Amino acid sequence: MQVPPFDLTEQLHQLGEALEDAVLQVLRSGQYIGGATIARFEQQFAEAVGTPHAIGCNSGTDALVLALRGLGIGEGDEVITSSFSFFATAEAISAVGATPVFVDVEESTYLIDLDRIEAAITPATKAVMPVHLFGRPVDMERLGAIAAAHDLLLIEDCAQATGASWAGRPVGSWGDAGCFSFFPTKNLGGAGDGGAVTCRDPALAARIRELAVHGMPRRYLHTSLGYNSRLDAMQAAVLSVKLPHLAGWVEQRRQLATTYRSELADLQGLMLPAEGPSGHSWNQFVVRVPRCPSAEAGCGGGCVPSSDSATYGLPESCCRDWLKQALAEAGVNTIIYYPIPIHRQPAYAELGYGPGSLPITERLTAEVLSLPIFPELSAAQQATVTAVMRQLVTQPLSLAS
Ligand SMILES: Cc1ncc(COP(=O)(O)O)c(C=O)c1O
């Protein structure tokens with residue numbers, strides 16, 4: 001049996017007719033840009049997040065750019081964020097002319113370390129951008145207090161965390177703005193690119209709406225330099241069909257995560273992701289492979305160093321890479337989110353973060369491996385993943401710790 005890291009086949013089978021009807025309706029309406037389909041989805045999404053406003057846009061990346069621009073962040077400003085994320089988190093900050101300032105992550109949650117934020121604040125700091133990475137919510141009560149104490153704006157990168165909540169309140173409703181991605185692999189995925197910004201402030205919502213349409217408050221009057229970043233009607237129609245299923249899908253992800261945690265708990269060559277909190281939406285289930293996990297095979301401590309480690313000054317990843325390869329040979333396909341941290345990317349060489357500048361982030365990039373997790377992953381598929389893992393991971397704790 002081949003187990004893919006992500007697969008839409010079963011979901012399309014379940015929703016096929018409703019999706020086809022919705023798309024055909026848009027197609028036949030002739031209204032592809034703007035209009036009631038988009039307004040309806042925006043209202044539904046705002047309700048789901050618990051904010052008065054949701055503004056659809058082209059992608060999660062654009063959602064971040066629009067939120068930053070809408071909040072007046074630009075040239076000369078610094079935004080504190082995490083380097084253990086998808087590149088777009090920092091790229092959006094740079095796209096508006098500001099500078100990303102990276103803070104290391106917590107070892108157990110992989111999230112920005114709240115204890116290190118205050119040391120990174122300078123007179124130029126305007127905002128903090130937490131990333132609810134892999135669907136795990138950042139402690140927004142604590143982070144909100146830090147931001148308020150230093151008069152900083154709070155922009156949540158919720159791209160991987162649609163359906164997640166902190167203390168019972170959805171992510172995207174805590175900060176000044178919440179930024180979502182509807183990329184197909186996300187918890188709420190469209191049939192292409194899409195994103196949304198959520199916020200409470202009506203003036204901010206209006207500014208973001210204008211920026212998303214060429215800085216145009218009314219037809220052919222342009223009061224600022226904006227973007228062409230609209231959610232199109234086909235995507236909105238697809239997302240409206242899927243949104244009512246989001247809570248159930250997140251619950252299925254939680255159950256899969258619970259099963260992985262219990263089935264893999266005694267594999268001592270492996271570090272499992274920390275449990276909960278209850279609002280975790282498990283977009284990814286990410287294990288760590290800190291040493292060679294196999295006593296019989298594997299690198300045995302002598303595997304060939306990967307070229308990325310040498311090129312980007314990162315810790316050696318060969319043990320994790322060996323497990324990934326061995327899993328693939330047994331039909332279990334995994335993904336590495338992310339093999340090179342943002343601060344060590346060639347595009348950010350000018351920021352001057354050398355090897356070892358964010359040691360936990362750098363170690364994680366060498367050790368993490370995302371196991372297959374999506375709502376429709378069958379019990380048989382998950383059992384295959386855990387059985388293969390049990391065959392491969394045999395190294396005792398004394399060597400693995
Ligand atoms: C944490 C994070 N931020 C931002 C983005 C950007 O979203 P999009 O791909 O919709 O532009 C992604 C997408 O992978 C992401 O994972």
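Predicted model only: the values in this text are computed from it and were never measured. Order of appearance sets the numbers: ligands from 1, and atoms from 1 within every ligand.
- The aromatic rings of Phe134 and Tyr110 lie perpendicular to each other, with more than 60° between the two planes, well past the 30° mark.
- The closest approach between a heavy atom of Lys186 and any atom of ligand 1 is below 4.0 Å.
- Annotation for Leu225: atom CG does not count as buried by contact number, only 12 or fewer foreign heavy atoms lying within 6.0 Å.
- Here is the list of ligand 1 atoms found below 4.0 Å of a heavy atom in Ser59: 10 (O), 11 (O).
- Nearest-heavy-atom check against atom 2 (C) of ligand 1 across Ala88, Ala159, Pro184 picks out Ala159.
- Residue Gln25 places its CD atom among 12 or fewer non-hydrogen atoms of other residues, nucleotides or ligands, all under 6.0 Å distant.
- Judged by distance alone, the side chain of Lys242 and the main-chain N or O of Gly189 form a donor-acceptor pair under 3.5 Å.
- Residue pairs meeting the salt bridge (charged side-chain N to carboxylate O under 4.0 Å, His left out) criterion with at least one partner in residues 97-112, sequence neighbours excluded, are Glu107-Arg288, Glu107-Arg363.
- Given atom 8 (P) of ligand 1, the protein heavy atom at minimum distance is Gly60 N, 3.4 Å.
- Of the polar atoms of Ser85, none of the N or O atoms is found under 3.5 Å from an N or O of ligand 1, judged by distance alone.
- Protein heavy atom closest to atom 3 (N) of ligand 1, with residue, atom name and distance, is Asp157 OD2, 2.8 Å.
- Distances between N or O atoms of Ser181 and those of ligand 1 include at least one value under 3.5 Å.
- The shortest separation from a heavy atom of Gly195 to ligand 1 is not under 4.0 Å, leaving the residue out of contact.
- Here the shortest heavy-atom distance to atom 9 (O) of ligand 1, taken over Phe183, Phe182, Phe87, Phe180, belongs to Phe183.
- When hydrogens are left out, the protein atom nearest atom 16 (O) of ligand 1 is Gln160 NE2, 2.8 Å; that is the closest non-hydrogen contact.
- A donor-acceptor pair under 3.5 Å is absent between the side-chain atoms of Lys186 and the main chain of Ala159, judged by distance alone.
- Between Phe374 and Phe285, the gap from one ring centroid to the other reaches at least 6.0 Å.
- Arg142 forms no cation-pi arrangement with Trp166, by the criterion of a distance under 6.0 Å to the ring centre and an angle within 45° of the ring axis.
- Every atom of ligand 1 with a heavy atom of Thr89 under 4.0 Å away is listed here by number and element: 1 (C), 3 (N).
- Between Asp193 and ligand 1, not a single N/O pair is under 3.5 Å apart.
- With a heavy-atom cut-off of 4.0 Å, Thr61 touches ligand 1 through backbone and side chain alike.
- Using a 4.0 Å cut-off between heavy atoms, Val131 contacts ligand 1 through its side chain alone, with no backbone atom that close.
- Ring pair Phe86/Tyr338 is tilted by interplanar angle, where 30° to 60° counts as tilted.
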